[in-house]
Amino acid sequence: MTLIKLENVTKVYTTGEVPVTALKGINLEIGNRAFISFIGPSGSGKTTLLNLMGVLDKPTEGNLVVNGINISLLDRAEAATFRANILGFVFQNFNLIPVLTVYENVEYPLLLVKHTTAQERRDRILRLLEQVGMIDQKNKYPNQISGGQKQRVAVARALVTNPQVVLADEPTANLDHATAFKVIAIMHEMQKEFGTTFIFSTHDPKIVGEAEIIYTLEDGVLVNQETKNRN
């Protein structure tokens, strides 16, 4: 079943009077339970593509359908609701809320979707913080923890709503080797248990090695697709 479909998707940004084409005519389909990596040099369009699939931006041309919804037709309020209920994000710069504790940062997406009881929220949060090795830091604020610890919190926050799709921009960039593999293992568990689709933009060979499909972007163009046999 197709979960995300891009049809001739192009994205053009205008800097001053000069248009910059970040993506050119992208066509691809992504199914349920996928574990996908987009690779390519800096400036190749990887982050732009994740932003479009995450309904953080809209294509200049073409159609982008996520979970049966054409995202170009959503207004801002509808897009925000869609993101809260369907998507999880791991941003390269963490995007933690500085006035909230580690625990509260992970809890925040659950408060937006409003489908869980207080006990369910607590159970999910503590389980994930334990899995990413941050349970003993749960009452600290973002400015009291390291970059690697912030990344672990960001991963827990992305997974806490059991989203259909997790979009991750360099999710292991600030993690040590052991923690990176632990995070990847957690993601595989969610893929199997909940059918979550994981889509990465990364240079990390650990994630690329775990991906089932690897797409290569160059200058905003999809130039290669490699599918691995996981049987």
Side-chain angles (χ1 to χ4, degrees), residues 3-4 30-42 44 46-47 49-50 53-54 87-96 101-103 105-107 109-110 123-138 140 142 144-217 224-231:
L3 184 60
I4 300 174
I30 296 172
N32 284 316
R33 299 178 179 269
F35 211 83
I36 288 172
S37 179
F38 286 94
I39 63 173
S42 297
S44 60
K46 302 188 301 299
T47 298
L49 188 55
L50 258 64
M53 289 190 286
L87 305 172
F89 297 89
V90 183
F91 298 99
Q92 193 170 1
N93 59 353
F94 319 125
N95 282 13
L96 300 182
T101 65
V102 164
Y103 182 99
N105 265 281
V106 178
E107 182 183 36
L110 289 174
D123 290 345
R124 284 195 202 180
I125 295 162
L126 294 180
R127 175 175 57 84
L128 279 167
L129 288 176
E130 179 71 39
Q131 287 179 306
V132 299
M134 288 297 292
I135 192 72
D136 59 337
Q137 309 290 321
K138 68 180 186 296
K140 290 188 176 180
Q144 297 175 311
I145 60 178
S146 70
Q149 290 173 322
K150 290 175 185 176
Q151 190 74 306
R152 298 188 210 183
V153 177
V155 169
R157 181 186 58 188
L159 301 180
V160 75
T161 59
N162 296 336
Q164 273 189 272
V165 182
V166 172
L167 298 158
D169 192 1
E170 298 286 1
T172 56
N174 297 283
L175 302 180
D176 61 72
H177 193 77
T179 304
F181 273 113
K182 185 180 291 186
V183 165
I184 293 169
I186 294 169
M187 291 176 174
H188 272 307
E189 288 172 13
M190 287 200 64
Q191 181 195 27
K192 293 173 183 176
E193 184 175 355
F194 300 109
T196 311
T197 288
F198 287 89
I199 302 173
F200 304 94
S201 165
T202 187
H203 294 93
D204 189 341
K206 293 186 288 296
I207 287 183
V208 175
E210 292 291 324
E212 296 159 354
I213 304 174
I214 303 166
Y215 294 101
T216 303
L217 286 166
N224 189 52
Q225 174 183 337
E226 177 186 352
T227 302
K228 297 181 180 179
N229 188 346
R230 291 294 180 186
N231 295 331

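Note that the structure is predicted; figures quoted are calculated from it, not measured.
Partners of Asn162 under the side chain to side chain contact (heavy atoms under 4.5 Å, CB included) rule, at least two apart in sequence or in another chain, are Arg124, Met190, Phe194.
Between Pro142 and Asn105, the closest side-chain pair of non-hydrogen atoms falls below 4.5 Å. Between Arg157 and Phe94 the shortest side-chain heavy-atom distance does not fall below 4.5 Å. In this structure the side chain of Phe38 reaches within 4.5 angstrom of the side chain of Met53, judged on heavy atoms. Between Met187 and Phe200, the closest side-chain pair of non-hydrogen atoms falls below 4.5 Å. Proximity of Val153 to Val106: side-chain heavy atoms (C-beta onward) are separated by under 4.5 Å at one or more points. Using a 4.5 Å cut-off on side-chain heavy atoms (C-beta onward), Ile199 and Ile4 make contact.
Taking CD1 of Ile213 as the start and OG1 of Thr227 as the end, the distance is 4.5 Å to the nearest 0.5 Å. Summarising the geometry, atom NZ belonging to Lys138 is positioned 7.0 Å from atom CG belonging to Leu126; distances are rounded to the nearest 0.5 Å. To the nearest 0.5 Å, the span separating CZ on Phe181 from CD1 on Ile186 amounts to 13.5 Å. A distance of 12.5 Å separates CE in Met134 from CG in Leu128, rounded to the nearest 0.5 Å. With rounding to the nearest 0.5 Å, the separation of CD in Gln225 from CD1 in Ile36 is 8.5 Å. Note that CG of Leu49 and CG of Asp169 are 11.0 Å apart. Values are rounded to the nearest 0.5 Å.
The two residues Val132 and Ala156 make their nearest non-hydrogen contact at CG2-CB, 4.3 Å. Nearest heavy atom pair, residue Ile39 against residue Ile214, reads CD1-CG2, 3.7 Å. The shortest non-hydrogen separation linking Thr196 to Pro163 is CG2-O, 3.2 Å. Nearest approach of Ile125 to Glu107, heavy atoms of both residues: CD1-CB, 3.4 Å. Scanning both residues, Ala158 and Val90, for their nearest heavy atoms gives CB-CG2, 3.5 Å.
The closest donor-acceptor contact from the side chain of Lys46 to the backbone of Ser37 lies at 3.5 Å or more, if one exists at all. The closest donor-acceptor contact from the side chain of Gln151 to the backbone of Ala180 lies at 3.5 Å or more, if one exists at all. The closest donor-acceptor contact from the side chain of Thr197 to the backbone of Ala34 lies under 3.5 Å. Remark: side-chain polar atoms of Thr179 are not paired, donor with acceptor, to backbone N or O of Asp176 under 3.5 angstrom.
A salt bridge (Lys or Arg N to Asp or Glu O under 4.0 Å) check over residues 186-207, counting only residues at least two apart or in different chains, returns the pairs Asp204-Lys206.
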Show the numbers, then the answer: is there a side-chain contact (heavy atoms from CB on, under 4.5 Å) between Lys182 and Gln131?
-> CA-CA 8 Å; Lys182 185 180 291 186; Gln131 287 179 306; 6.0 Å; no
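Using the six-membered ring where Trp is involved, Phe89 and Phe91 have ring planes that are parallel, under 30° apart on the 30 and 60° scheme. Note: Phe35 and His188 have parallel aromatic rings, judged against thresholds of 30 and 60 degrees for the angle between ring planes.
Residue Ser201 forms a side chain to side chain contact (heavy atoms under 4.5 Å, CB included) with just one option from Ile207, Leu167, Leu217, Leu50, and that option is Leu50.
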